[in-house]
Number of protein chains: 2
Amino acid sequence: MNTSKGLEAWAKFFVASTRLNQVMEDAMKLEGLPPLEVYDVLWTLERAPDHSLRFTDLGERVLLSRCNVTRLAEKLEGQGLIERERCPNDRRGVYAVLTKEGLKLRKDMWKRYSALIEEHFSSHLSEKEQTQLIDIMKKVWQEPIRADEKSSCPGAV
Amino acid sequence: MNTSKGLEAWAKFFVASTRLNQVMEDAMKLEGLPPLEVYDVLWTLERAPDHSLRFTDLGERVLLSRCNVTRLAEKLEGQGLIERERCPNDRRGVYAVLTKEGLKLRKDMWKRYSALIEEHFSSHLSEKEQTQLIDIMKKVWQEPIRADEKSSCPGAV
DNA sequence: AGAAATTTGTTGCAAATGCAACAAATCAGG
DNA sequence: CCTGATTTGTTGCATTTGCAACAAATTTCT
């Protein structure tokens, strides 16, 4: 059973993730790009079948509470990045559907975002270290398996 | 340069840190304990000389914006966890000083927090993996070196 | 010494967030 | 069917957060 080393690992992990996230957010904002949360939503929709997801599903994957999904969706719809569509089978349900503009913005954000990842993260690690990190992260957090999901592509935030 | 593997590493890193953080926060809240941000502040003060730090320094280390330091300090003071003390050398400055109650709460929180770290993080990793992770985190984020003593108290050399 | 620039903490305001209550729709089980 | 329980999305409310303006104190530079 581990004590100090495990705790030190957590501390370093926690600090690094917090700081790097902050650095990325600041850099994105500095160029007038939306926060990474928006990227996350757009990218999640892009991977989903028909570029659409029910609000509940979207919230689960993106880690937003329900009310926040409603409000964020409202805002994104106002910017023409997504559209709402009522679910035919379940009249409670609402789909968020990615628009062309949303797709374009996602790609534009990715240009900058991927460069930031490279600059502040990947470039500091050897390929071997990257592999090690991937393995370690897998052990520490396993995303629940979703039935749909297309295979990996750019930055599954 | 490398591309896909570095980006995958970032994605996994980002998701794991976000989710684990959420898990920990929820668990703490479930037991009526304050959020980890409070732990962070208390622990930062505890490590500092005389258990005290100027608001600016505190904000830098804990990653709070200035106004948030003021307000969080206000709240913690109301709960008797810290005290404010004016800086003698710089009449703009305010120190946040840890109280006995603050120290006690920090320790109580740590009992639970460390158990959560063990449960959700350390126990999933071998000692070797923990070492690897520490090394990788160091490469990816190096905390600025603080000239830790009364550094930011001007004129107090 | 004195004017300009910078730092430090506070405050008002607007936006974001979490929580709980809510109505409508669906589901479960007799 | 029918009643009660659950799910889904929305909304009101209180809290939190970030941003910008601000005054006081200090530093810088001439």
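Just so we're on the same page: letters track the sequence lines, and every chain starts at 1.
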To the nearest angstrom, the CD-P distance between B:Gln79 and D:dT15 comes to 13 Å
Which of the following nucleotides, C:dT17, D:dG18, C:dA20, is nearest to the side chain of B:Cys67? D:dG18
Just how far, in rounded Å, is P of D:dT10 from CD of A:Glu77? 10 Å
Using a strict cut-off of less than 4.0 Å between a Lys/Arg side-chain nitrogen and an Asp/Glu carboxylate oxygen, indicate whether A:Asp90 and A:Arg54 qualify as a salt bridge. yes
Pairwise 5' ranking along DNA chain D for A:Thr70 and B:Asn68, keeping only the more 5' one: A:Thr70
A:Met24 vs A:Ile117, test: side-chain contact (heavy atoms from CB on, under 4.5 Å). Steps then yes/no. CA-CA 8 Å; A:Met24 308 267 189; A:Ile117 296 171; 4.2 Å; yes
The side chain of A:Arg71 is closest to which nucleotide in this list: C:dC13, C:dT17, C:dT10? C:dT17
Scan residues 81-92 of chain A against DNA chain D and write down, sorted by residue number, each residue with any heavy atom closer than 4.0 Å; if none is found, say none. A:Arg84, A:Arg92
N-O pairing of B:Asp108 and B:Lys111 below 4.0 Å: yes
N/O donor-acceptor pair under 3.5 Å between B:Ser123 side chain and B:Glu118 backbone: yes
Euclidean distance, atom NZ of residue A:Lys75 to atom P of C:dA15 [Å, nearest integer]: 10 Å
Hey, are A:Lys12 and A:Glu8 close enough for a salt bridge, meaning a charged N less than 4.0 Å from a carboxylate O? yes
Which of residues 23-45 of chain B have a heavy atom under 4.0 Å from DNA chain C? B:Lys29
Atom-to-atom span, CZ of A:Arg66 to P of C:dA21 - whole angstrom: 15 Å
For B:Glu74 and B:Glu60, find the nucleotide of DNA chain C closest to each by heavy atoms; which residue's nucleotide sits nearer the 5' end? B:Glu60
Classify the ring geometry of B:Phe13 against A:Phe13: parallel below 30°, tilted from 30° to 60°, perpendicular beyond 60°. perpendicular
Examine the side chains of A:Trp10 and B:Tyr113 and answer whether a donor and an acceptor come within less than 3.5 Å of each other. yes
Will you find, in the side chains of B:Thr18 and B:Asn21, an N or O donor that is under 3.5 Å from an N or O acceptor? no
Please tell me which of the listed nucleotides, C:dT10, C:dT8, C:dT17, lies nearest to the side chain of B:Arg54? C:dT8
A:Phe55/A:Tyr95 aromatic ring centres below 6.0 Å: no
Select base, sugar-phosphate, or nothing to describe what A:Ser65 touches, counting heavy atoms under 4.0 Å on all strands. sugar-phosphate
